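Here's the structure we're looking at; comments come further down.
This structure is a prediction, so every number in the text was calculated from the model and none was measured.
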Amino acid sequence: MNDDDPFLSEEEKALHARLKELRLEHSDLDASIEALLRLPQPDQLMVARLKRKKLTLRDEIVKIEAIVLPDIIA
């Protein structure tokens, strides 16, 4: 769905913007985790923290998607 859709309320536009931010942050965390794991001796504590943060972001993304995206019953 396009963020510039004139039929979206201000709240829906804000949710779409937040969703875009969360997806970007999730992607950045994924890249950070991958980079850390490529090190000869990765900091496992940092990797675990980043993975927890990534899971938290994923949960928030799923919640917002449930609000923004309509259920499609086949």
Side-chain angles (χ1 to χ4, degrees):
M1 195 173 256
N2 190 350
D3 289 342
D4 298 327
D5 191 338
F7 300 110
L8 293 178
S9 69
E10 290 301 316
E11 182 180 346
E12 288 173 319
K13 288 179 184 177
L15 286 172
H16 279 279
R18 179 70 178 140
L19 194 55
K20 186 183 275 189
E21 291 172 10
L22 290 171
R23 285 178 176 156
L24 179 61
E25 188 174 350
H26 187 269
S27 176
D28 289 347
L29 277 174
D30 196 38
S32 297
I33 291 167
E34 289 297 319
L36 275 174
L37 291 174
R38 277 190 237 114
L39 294 174
Q41 292 185 338
D43 181 348
Q44 294 301 324
L45 182 59
M46 180 60 77
V47 170
R49 287 179 179 159
L50 292 176
K51 285 184 177 183
R52 267 194 308 275
K53 174 71 174 168
K54 188 176 159 191
L55 285 173
T56 302
L57 288 174
R58 187 73 202 140
D59 289 343
E60 193 171 344
I61 289 169
V62 168
K63 286 178 188 176
I64 293 174
E65 285 177 341
I67 295 168
V68 173
L69 302 175
D71 289 337
I72 298 174
I73 300 173

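Heavy-atom minimum distance, Pro42 versus Leu37: CB-CA, 4.1 Å.
With hydrophobic clusters built from ILVMFWY side chains whose heavy atoms lie under 4.5 angstrom apart, Ile33 does not share a cluster with Leu45.
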Taking only distance into account, with no hydrogens and no angle test, what donor-acceptor pairs under 3.5 Å do side-chain atoms of residues 53-64 form with protein atoms, sequence neighbours excluded?
unit_1	atom_1	unit_2	atom_2	d
Lys54	NZ	Asp30	OD1	2.7
Thr56	OG1	Arg52	O	3.0
Glu60	OE2	Arg18	NE	3.4
Glu60	OE2	Arg18	NH2	3.1

Arg23/Leu19 under side chain to side chain contact (heavy atoms under 4.5 Å, CB included): CA gap, chis, key distance, verdict:
CA-CA 6 Å; Arg23 285 178 176 156; Leu19 194 55; 3.7 Å; yes
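The side-chain hydrogen bond (donor to acceptor under 3.5 Å, both in side chains) analysis of residues 35-50, with sequence neighbours excluded, yields no pairs.
Contact of the Leu36 side chain with the Leu39 side chain is registered, since non-hydrogen atoms from C-beta on lie closer than 4.5 Å.
Qualifying side chain to side chain contact (heavy atoms under 4.5 Å, CB included) partners for Leu24, counting only residues two or more places apart in sequence or in other chains: Asp28.
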